[in-house]
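Residue numbers run from 1 in the order of the sequence given. Computed from a predicted model, the values in this text were never measured in an experiment.
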Amino acid sequence: MILSKACEYGVRAMLYLASAPRDTYVASRAVSEDLGLPYSFFAKVVQTLAHSGLLSSQRGPSGGVALAKDPSEVTLAEVVTAIDGETLFTECVLGLPGCGQEKPCPLHAQWTFTRTHISAFFQTATIASLMEDGDYRLGSLFSAPEE
């Protein structure tokens, strides 16, 4: 697992909200329930994404959360960085301080190669492009009814 649990929830929420009609606010509790996520933890993730400008939130009876930008304008890297920071793209996979060319860890060369490819994918993959790539089992609130 490369992403934290919070980051996994954040990506899932962004994908889920991308399936909602544009500019529709969805109750955070409804999202967490539909995705099967613990509400209190999920609420913190939503707060982080809202603070970073990726989600907008609105209080009140018709409130909830919605994407703050078009899904085609939000990269996977933005979501990951908002929640986990840039460590996925910059740090040693083993978490060893000082790992680098002069003092490499046992995985340094392989991780540097892999990290470059992961970074490129995360920088180019948008929420919209990920939605086009398949069924993410993201819940049923916005799913079309089966015939």
Side-chain angles (χ1 to χ4, degrees), residues 1-58 64-144 146:
M1 175 170 46
I2 294 176
L3 303 176
S4 69
K5 189 60 74 178
C7 196
E8 289 176 18
Y9 291 176
V11 171
R12 289 170 62 187
M14 295 293 289
L15 291 166
Y16 181 91
L17 291 169
S19 69
R22 187 81 175 122
D23 298 323
T24 299
Y25 284 85
V26 183
S28 293
R29 189 166 299 277
V31 177
S32 71
E33 288 175 4
D34 211 30
L35 294 177
L37 308 176
Y39 176 72
S40 59
F41 188 48
F42 178 72
K44 292 176 185 177
V45 172
V46 166
Q47 184 178 30
T48 300
L49 291 170
H51 181 70
S52 70
L54 296 175
L55 291 181
S56 60
S57 61
Q58 183 174 318
V65 292
L67 296 182
K69 302 177 184 179
D70 188 276
S72 65
E73 297 174 4
V74 180
T75 66
L76 190 53
E78 288 178 279
V79 179
V80 170
T81 301
I83 298 171
D84 283 351
E86 295 191 4
T87 58
L88 173 65
F89 310 115
T90 60
E91 300 295 320
C92 172
V93 70
L94 297 177
L96 298 173
C99 177
Q101 291 294 80
E102 293 189 25
K103 288 179 137 183
C105 75
L107 298 176
H108 181 77
Q110 294 85 356
W111 178 243
T112 300
F113 174 79
T114 302
R115 183 177 59 204
T116 300
H117 292 281
I118 289 172
S119 181
F121 168 71
F122 280 48
Q123 292 292 336
T124 58
T126 65
I127 296 300
S129 70
L130 293 173
M131 292 297 293
E132 294 170 1
D133 287 343
D135 174 15
Y136 289 93
R137 299 170 298 169
L138 294 174
S140 59
L141 190 58
F142 304 108
S143 302
E146 293 184 23

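Proximity of a side-chain donor or acceptor of S129 to a complementary backbone N or O of A125 within less than 3.5 Å is not detected.
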Just list the side-chain donor-acceptor pairs under 3.5 Å for residues 86-103, sequence neighbours left out, or say none.
residue: T90; atom: OG1; partner: E86; partner atom: O; Å: 3.0
residue: Q101; atom: OE1; partner: H108; partner atom: NE2; Å: 3.1

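Among pairs with a residue in residues 17-56, those fulfilling ring pair (Phe, Tyr, Trp, His ring centres under 6.0 Å) read Y9-F41, at least two apart in sequence or across chains.
Contact annotation: the side chain of M14 never approaches that of L76 to less than 4.5 Å [non-hydrogen atoms, C-beta and beyond].
The structure places CZ of R12 at 12.0 Å from SG of C7, a figure rounded to the nearest 0.5 Å. Rounding to the nearest 0.5 Å places CD1 of I2 at 11.0 Å from CG of D84. In this structure, the separation between CG on L3 and CD1 on I118 is 9.0 Å, given to the nearest 0.5 Å. Interatomic distance, L35 CG to Y16 OH, rounded to the nearest 0.5 Å: 6.0 Å.
What you find for A82 and T48 is that their closest heavy atoms are O-CG2, 3.3 Å. Contact between I83 and S4 at its shortest, heavy atoms only, is CG2-OG, 4.4 Å. For the residue pair R29 and S32, the shortest heavy atom distance occurs at O-OG, 3.0 Å. Of all heavy-atom pairs between G10 and V79, the closest is C-CG1, 4.1 Å.
Applying side-chain contact (heavy atoms from CB on, under 4.5 Å) to V65 and the options V46, T24, L49 leaves one that passes, V46.
Residues satisfying the side-chain hydrogen bond (donor to acceptor under 3.5 Å, both in side chains) criterion with K69, sequence neighbours excluded, are E78. Among residues two or more places apart in sequence or in another chain, the side chain to side chain contact (heavy atoms under 4.5 Å, CB included) test is passed with T116 by none. Not counting sequence neighbours, the partners of A18 by the side chain to side chain contact (heavy atoms under 4.5 Å, CB included) test are L67, P71, I127, M131. Looking at residues two or more places apart in sequence or on another chain, you find a side-chain hydrogen bond (donor to acceptor under 3.5 Å, both in side chains) between S72 and D70.
Ring to ring, F121 and H117 are not that close: their centroids are 6.0 angstrom or more apart.
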